[in-house]
Every structure is written in structure tokens, then in C-alpha cells.
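Naming: A, B, ... by sequence-line order, numbering from 1 per chain.
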Amino acid sequence: MNDELCRSKVDLIIEKEQTEMTQNMNSIMAHHIIGYPTLEKSYEVVQTYIDSGIEILELQIPFSHPTADGITLTEANQQAVENGISLENCFEFYEEIKRYAPDTPIIAMSYLNRLFSYGIEAFCDKLSTSGVNQIIVPDLPFDSPVAEQINKHQAVQLVPVIAPNLNDERLSAMLNLQPDYIYMMSGFNTTGQQFELHPNAQKIIDAIRERTNAKIGIGFGISRGEQVKAVNEIADFAIIGSTLKIAIDENKIKSKLDQLLLNS
Amino acid sequence: MIETNTNYKTQILEAKSGYFGRFGGAYIPEVLKPNMDALSQVFFESIADKNFVNSFKKACNDFSGRPTPVTYLENLSKQIGGAKIYLKREDLNQTGAHKINHCIGQIMLAKRLGKTRIIAETGAGQHGYATASVCARFGMECTIYMGQKDYDRQRPNVFWMETLGAKVIPVQFGSQTLNDAVIAAFKDLIAHPEETHYLLGSAVGPHPYPVLNTWFQKMVSEEAKEQVFKIENKLPDYVTACVGGGSNALGIFFDFLDDESVKLVGIEAGGKGKTPGEHAAKVSYGKEGIFEGYHSYFLQAEEGNISDTHSISAGLDYCGVSPILAYLHSEGRIQFDAASDVQTLDAMKMIAKYEGIILALESSHSLAWAIEKAKGLSNEEIILVNGSGRGEKDLFITMKHLQPESLQFFMEKQISELRDE
Ligand SMILES: Cc1ncc(COP(=O)(O)O)c(C=O)c1O
């Protein structure tokens, strides 16, 4: 599998330039749960994302009780846990994907207890040696004692997940951490529900833009091309999870990606 | 009358950050932060406000029959031939358990916050039942989340909740039990943060729930301390309670925390054995972790995944334990032990036979421990047990264990009558 995954950097760059030239594409961060539906298939799916022109990857470590995910991703998490996906499998996955596409940024995603049980510092060390320097932890407030342990780590940065009810004080506290990426929930939903961009979203984005160059992604409930386009107009990228999971189940991943990526 | 050597009581009530040592905290998605902050603020304001405290007491008295008595279990104690066992009668509350205490308290906070809608999780249905009751009484819309498995096996409780006007939603993901109901309730709160109060059912979850439910339960020990002292002219030597999440345990322990002579013992569900999945004993066999918003002990599988639990009593069948109990355990202030399903059923039968009390299976865990412990003590010594609930709710489970044939006969008869109608 390793050999297959390794392609030359030159090939990749040429391919990327070609796609950029021929089409005007949406920026997307594609979410995938490592080990769903199987570990083998996960490699295949994520490579398809990369080859189709996905800009950023959000690769989630499966958890038995994903408290902030909707029913679609909860099922996928549980399937992956049942498949026996270990943390070691996940770190290896990061390494392999990094080798396949060194220029595609990877953001790890995990619920807190998986980091905690491994040891926060050891986890961050391992993550960064696997080639990943960003992590989303949905149940970890960015200013809690455990978050401070991550923030202190030289090579790993916490990607804050914020919602349209973020007040000015919390916004400032968050920006003081100087994140490179910010994940914004489209509204008050869990993943996979109806998409609706909350009226406060624009205000918060403007406030962030005024003070940093952090890349802002918007996610939760995005399933159609128009929505991706709308999000691309106000943020740096759209985050897509549940819809892609459903596309995997229906074996329609390529056509779904085309729909979402084409900015026409 | 009472010597005070430590200051755990103030320490706990003044932990406005929500941390008890390294335990506790509020490990929640940022989107829930405003909600938890508002709840925390209104809670600390309210408990400093005499009017609120008085209305809370009045509601408990008028609606739930407080103060509940303590009963000296004289026949049982003499039968065992050791220490005197006293039972705090939380089983005599409205809806039959201590759960109503924090339900009354929380719904009053929700009113102060201007909320119009209450949501709650329930396992067996006890907490959902108490929540539906206060919602009817205080005029609030009520939605209860319940794992599909629990929904099916506790159908009589679903019926009572619906009769009280609640909407009961079966949760179809995960293992379809209590944990999944908690997660579903948090998801509802994320989707409807403005109008909703999540009435969480134990001293667990993110800050301020652990301290808030402890505060609404602490009158149990305040009453019991006075009641036992009045009869015996001394404090109990041991105080014991069953531990699911820890709300009834903190209720009966709280006022004794600074009385060093009083030993406090939490009894967990030992289930069928020590193998993972066969019990629900977090402190005894679990590991430290951070889950469902708080840092405490959890039953865990490999590498931080959460594992399944088992107990004969649905109320103890939960994977986590109050961070306040975890802290007091780490300080050496509270000891933990476990009672098995079999020991629990025996205790339940004994108290029924000798004292005429049908005790909940949850509470029968701590009674089982007390019966064993009493044997080795003198009749000068006193064990106070929290009788957290009554056992009529357990009809189908206990009958299945004790008289399976009669249960089968009854059910078949009912079904044939229904068919004939
Ligand atoms: C009668 C009774 N006792 C005890 C419990 C356990 O909860 P906790 O540990 O929060 O008191 C329950 C929970 O449903 C209960 O119904």
C-alpha cells in the first residue's frame, strides 16, 4: 500500500495546477472518520478527495460516544470503533496520507477522552511526528486547563470551534491564542442537520478578519453546491462531513464531489 | 454539638470555577458556554437570595412532603445483631425518590432564567418521571430523551411521563440506553439554546450541574443529622448511599463532610462481576477520564472509548460518577465499595420482610452493605442509610427474579383479556 500511496510531488503539483487552470473550484475541507466503513476503504476515499481537488482534510479519530456529532456521523464513529480502529491506526493513517499528498493540510479531529487517555503531551508529540500540526477537539473549551497543555505544545495547535453565539469577550480570548484555523458552526445544530447560516455569522467573521489572517471554515449541515458557494463567499472554506459519509454509503462519492467542488 | 475539623462544605460550594481539585470543569462545545455560564450565574445568585431559598423549601414541603423522616430499622437491626441501622426516607417523596429535590430546584432556576421548555434524559424513567411531574406543576413544556432499549423495557414509566404531559423521545443511536439519552439531550440544547433548560438528573455533567444538584440535595443530610441526633444524642458512625451519578449520595453525605468522626461510604453497582460490561462501579473499577463535560472516573474500554455498563437497578446503570465524589474520594474523605445484584435482591427482601418497606433496588445496594457492616459492629454504633427511593417501580424486574412464573401467568392473562376486548 505504501508504494501505491507515494506519488511524486511534481506529479501532484502539475495536477493541481491543471485543475486550478481549467476550473474555478470551491474551497472545501472534507471530513472523514478514519476506519469508516473500513480502514482500507478510508485510504481509498481520502485519496479520492485529494485527487478531486479538496483543499483541506479533517480526519477524525473514531470515538464510541461522539457527543457533538449528528446521527449520521455517530453511526460512522461507532462502525469504526467496532472495526477496532486503534490510535496507532490513526497516526499511521496521517503519515500515509501526508506521504501521498504532502501539500494538503490535514487537521486531526478527536474527542477529548481519547487524547486524555493517551496523555495530552504524548498525544501531541505523536501527532506532530505523524505530520499533523492542527487538531479540533469539539468538547474542549479553548481556555480550559487541558487546552492550555495543547496550546503550550510547540508543534500542535488547537483549532477553536466557535458558534454564532460567541460574545466579544470570548472572541478576544480565542484570538489571543493566534490560531491559524478557526472552525465556525453555521448555526445552532449538531452535524448533519439542516443548513442555515445564522445572521450573526457574518458579524463574527468580520471581527476576526479585522484582527487576524486566520483561515475560517464554516461547517454543519452543508450538503449542496449552492451552499458551498455561499459559504465560500464569506469564509475561506466550507466543511463537509455527513453528506460525504452518505455519498460513501451510496457509492456516489465522485459525483457528489463534483457537485460540491464546481463553483458555477 | 458538632465539631468541625475540615472545610469541605465551603470548599465545594465556593468552587465557582467548577473544579474540585483536578476533577470537574466544563468540557463542553463552545456553543454551550453561554448557556452554562447563565445557569451558573443564576444559581449562585439564587442560593444567596433568601426569597429563593425559602420558596425552594416551601415547594419541597408543600409538593413533596418534606421533611422526610428517618426510621430506625429496629427489627432488621436486631435480626442482624450488630449496629443500629437508620433509614432516611427519601422514598416517601413525591414520585417516590430523591430525584424530585433537584428537579424542583432546577425548574425554579429555569423560571428565573425565563426558559419555557425543559428537556431531560432518563434511564429507567425515574428522573424523567420526576421531571415530568415538576413540569406539569410549574407549567413548563417537557421533552424527555430515553434510549430505545430503556423505552421498550420501562414502558410503564413512559406511560406515566406521557400522562403527566411530557413528550418522550426514544433515542435510536448507540447502545440506546442512558448515555445516549444524555447525548441526545445535549444535542437538543445545542439546537435550542435560547428557550431550553436541560434539567440534568444527577450530580454529574459540566459545571454547574454537580454543585447545583448537590446544593438542592443537601437538605437530606441537614435533616437526617438533626433527626438522628435528636433520637440518639450522637452522630451516626457510618453514612452510606448508593452511587449512580452521585446525587443522593452527595445529598446524604454533604452535611457530614466536616464531621471527621462520621465515615462516609458510597456503594456502587457490583452487578454480576468484575469483568467490564458486568457492573457499573466507576470508582472501584473505572479509570480517570473526561467525558460528557466533566473530569472524573469513567468505565472505559481501550484507549479512551467508553464501555458498556450493567446493573440490576437501572438508576445505577451509568458510566460516570460525580466529580465531587471523585474529589472527595481522592482526598480520602469518602470510601467506596460495591454490592452485587444478588446481595442487593437479598437486602431488598429482608427490609420488606422485617420492616414493611419496599425499597428501591438502587438504595438496596447501600442497605446490603449496611447489613454486612452491621454484623461486625456493636449495638452502640449507628449506620445511616439513604433510602433514596421506593421499590414499587421495580415491580417487573424484582418479580422476574423472585417469582417468574407468577409474572408470566399475570402477563399472559392480561394479554388474553386485551385480545378478547
Ligand atoms: C431511587 C434512586 N436511587 C438512586 C439513583 C441513582 O442516582 P444518583 O446516584 O444520582 O443518586 C436513582 C437514579 O435513577 C434512583 O432512581
(request) Answer with side chain, backbone, both or neither: which region of A/Pro160 has an atom nearer than 4.5 Å to a non-hydrogen atom of chain B? (result) neither
(message) For B/Gln300, which atoms come within 4.5 Å of any heavy atom of chain A: side chain, backbone, both, or neither?
(response) side chain
(message) Taking A/Glu75 first and then A/Lys245, would you say they form a salt bridge - that is, a charged N and a carboxylate O separated by under 4.0 Å?
(response) yes
(request) Please state whether the side chain, the backbone, both or neither of A/Pro164 comes within less than 4.5 Å of a heavy atom of chain B. (result) neither
(request) Could you walk me through whether B/Phe20 and B/Tyr8 pass ring-ring contact (aromatic ring centres under 6.0 Å, His included), step by step? (result) CA-CA 10 Å; B/Phe20 312 96; B/Tyr8 286 123; over 10 Å; no
(message) Counting only non-hydrogen atoms closer than 4.5 Å, does B/Lys287 touch chain A with its backbone (N, CA, C, O), its side chain (CB onward), both, or neither?
(response) neither
(message) Are there residues of residues 107-120 of chain A whose heavy atoms fall under 4.5 Å of chain B's heavy atoms? If so, which?
(response) A/Leu112, A/Asn113, A/Arg114, A/Phe116, A/Ser117
(message) Is A/Pro138 in contact with chain B via its backbone, its side chain, both, or neither, using a 4.5 Å heavy-atom distance?
(response) backbone
(request) May I ask you to decide if A/Ile239's main-chain N or O and A/Glu58's side chain share a donor-acceptor pair within less than 3.5 Å? (result) no
(request) Check each atom of B/Pro193 against the heavy atoms of chain A and say whether the ones under 4.5 Å are side chain, backbone, both or neither. (result) side chain
(message) Please determine whether a side-chain nitrogen of the Lys or Arg among A/Arg209 and A/Asp236 lies less than 4.0 Å from a carboxylate oxygen of the Asp or Glu.
(response) yes
(request) Name the region of B/Tyr19, side chain, backbone, both or neither, that has any atom closer than 4.5 Å to a heavy atom of chain A. (result) side chain
(request) Taking all non-hydrogen atoms of both residues into account, name the closest pair between B/Ile144 and B/Cys142 and its distance. (result) CD1-SG, 3.7 Å
(message) Could you check whether A/Arg170 makes a cation-pi contact with A/Phe142, meaning its NZ or CZ is under 6.0 Å from the centre of the six-membered ring and within 45° of the ring axis?
(response) yes
(message) Going by the rule side-chain contact (heavy atoms from CB on, under 4.5 Å), which residues pair with A/Gln178 if we only count those two or more places apart in sequence or in a different chain?
(response) none
(message) Going by the rule side-chain contact (heavy atoms from CB on, under 4.5 Å), which residues pair with B/Lys115 if we only count those two or more places apart in sequence or in a different chain?
(response) B/Asn35, B/Ala110, B/Leu113, B/His197
(request) Using side-chain contact (heavy atoms from CB on, under 4.5 Å) as the criterion, list what pairs up with B/Pro276, not counting sequence neighbours. (result) none
(request) Using a strict cut-off of less than 4.0 Å between a Lys/Arg side-chain nitrogen and an Asp/Glu carboxylate oxygen, indicate whether B/Glu194 and B/Arg117 qualify as a salt bridge. (result) no
(request) Using non-hydrogen atoms and a 4.5 Å limit, figure out which bit of B/Ala301 sits close to chain A: side chain, backbone, both or neither. (result) neither
(request) Using non-hydrogen atoms and a 4.5 Å limit, figure out which bit of A/Val161 sits close to chain B: side chain, backbone, both or neither. (result) backbone
